[in-house]
Amino acid sequence: MQSIKLENEKKNIIVIGTGGTIAGTGEEGVTSSYDSAQVKVDKLISDIPALESVANVTSKNLFSVDSCDISWSHLTKLAKYINNSSEKSDVDGFVVTHGTDTLEETAYFLNLILKTNKPVVLTGSMRPGTAISADGPFNLYQAVSLAASNQSANKGVLVAFSDQIYGARDVSKINTFRTDAFNPKDLGCLGYMRDNQALFYNESTKLHTLNTEFNITDIKNVPKVEILMFYADASKELLDFAASTCDGIVIAGAGSGGSSIEWDSKISDIIKKGIPVVRASRISNGLITHSDSEINVKGIYAGNLSPQKSRILLTLGLTKTKSLEELQRIFNTY
Ligand code: ASP
C-alpha cells in the first residue's frame, strides 16, 4: 500500500532504464544520426544533479533496446519488476525511461496489468544525449518530480513529456521528430509540469491498475494478435494469412473502421470461425461504435482506442475469454 509521506519529505523513486533515444548517443550536436539504447540509466541520472533535491533516486537498468524491439517478454519483465518492487514499503514510485516509438503501448499495458497504486511514470526523449539541447534530462527530471508528487498516486500509469502529464490510456506519439511529440488527440492532457511541480486538471474515467481483471502472473500463454491496416484495394489474402496464424485480429480500418465488401465478408467469416476481430481506425481522432447486435458480423468495436492499443487489450482479453460479448465488455471498460 502507498505510505503517504509529507509533500516536503523526499520520496524514494526507482528509475528503470529500458533504452530508447533518451539513452542514445551519436554524432556530436545533431539530432538525426545516433544509436538509441547506448547509455545505462545510472549515467542518465548522474548527469542531472538537480534530481538530488527532488527525490532519493535509485536505478535499475532492466534492458537496453530501441522501443521498436520491445517484445512481450520485455513487457512481462517490466511489469513483474514493478509489481514486486512496489510491495517494498521503502519504495514510493517508479519512472521508466523508454523509447518514444512504442512508449504508448508499454504505458497502456502497464496501466492494465500493474497491481500497485504507487505512481508509475514513463518518459523518454526525442533527441539523444549528444544532441544540442537534448530533451532527455529535462523530461527525466520532470518524470521523477511527477513520480515523487503526492498527487500522482491512484491515477494509473502516467507519461511525463515536454512539460505535460498524460494518462497511459489516451496518450499517443503524434510527431516523428519534434520534442513535443505526444498528445492525447481529441482528449486533453491530465495536467502540466512546471519545472518540478505537478499540476493536475483531468483524470481518466477508465479502470486501471488495481481495478482491472488482468494479472501478469495469471498469463501462461500469450495469445497471438496482429494488426492489419485496410487501404483502398487491399488484398483479402492478408486476412487469410492473419486468420491462419492468429488468435485475434485488429483491423486498422478506414474512417470509422470501414473496409471493402470483400474484406467485410472475409472478416465476418473469420469471426464465425471463432477468431475475434476488433475494428479500430487508422484515423487518429474520433471513435468506432456500432450496435452490440452487429459484433458477430462486424467485430468488436474499439471505441477510441488506437489499433496498437487495441492489440494490447485484445491480447490481454483473450487470456480471459474468446466470447465476443465479454471481449466487447472489456473494450468498453478499459
Ligand atoms: N527509435 C527510438 C525508440 O523508440 C525513438 C525514440 O526513443 O525517440 O527507441
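As the structure lists them, so they are numbered: ligands from 1, and atoms in each ligand from 1.
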Check ion pair [X]-[Y] (N to O, under 4.0 angstrom):
{"X": "Asp264", "Y": "Arg279", "value": "yes"}
{"X": "Lys185", "Y": "Asp170", "value": "no"}
{"X": "Lys118", "Y": "Asp92", "value": "no"}
{"X": "Glu213", "Y": "Arg329", "value": "yes"}

When you compare ligand 1 with Asp101, is there at least one nitrogen or oxygen pair between them that comes in under 3.5 angstrom? yes
Geometric N/O contact Thr102 with ligand 1, under 3.5 angstrom: no
Check ligand 1 against Ser125 and write out every atom of the ligand that is under 4.0 Å from a heavy-atom position of the residue. 6 (C), 7 (O), 8 (O)
Within 4.0 Å of some non-hydrogen atom of Gly20, the atoms of ligand 1 are 7 (O), 9 (O)
Could you tell me the residue and atom name of the protein heavy atom closest to [atom], and the distance to it rounded to 0.1 Å?
{"atom": "atom 8 (O) of ligand 1", "answer": "Thr100 OG1, 2.5 Å"}
{"atom": "atom 5 (C) of ligand 1", "answer": "Thr21 OG1, 3.1 Å"}
{"atom": "atom 4 (O) of ligand 1", "answer": "Ser67 OG, 2.5 Å"}

Where does the angle between the aromatic ring planes of Tyr334 and Phe214 fall among parallel (under 30°), tilted (30 to 60°) and perpendicular (over 60°)? tilted
The single option from Asn111, Asn304, Thr205 that satisfies side chain to side chain donor-acceptor pair (under 3.5 Å) with Arg169 is Asn304
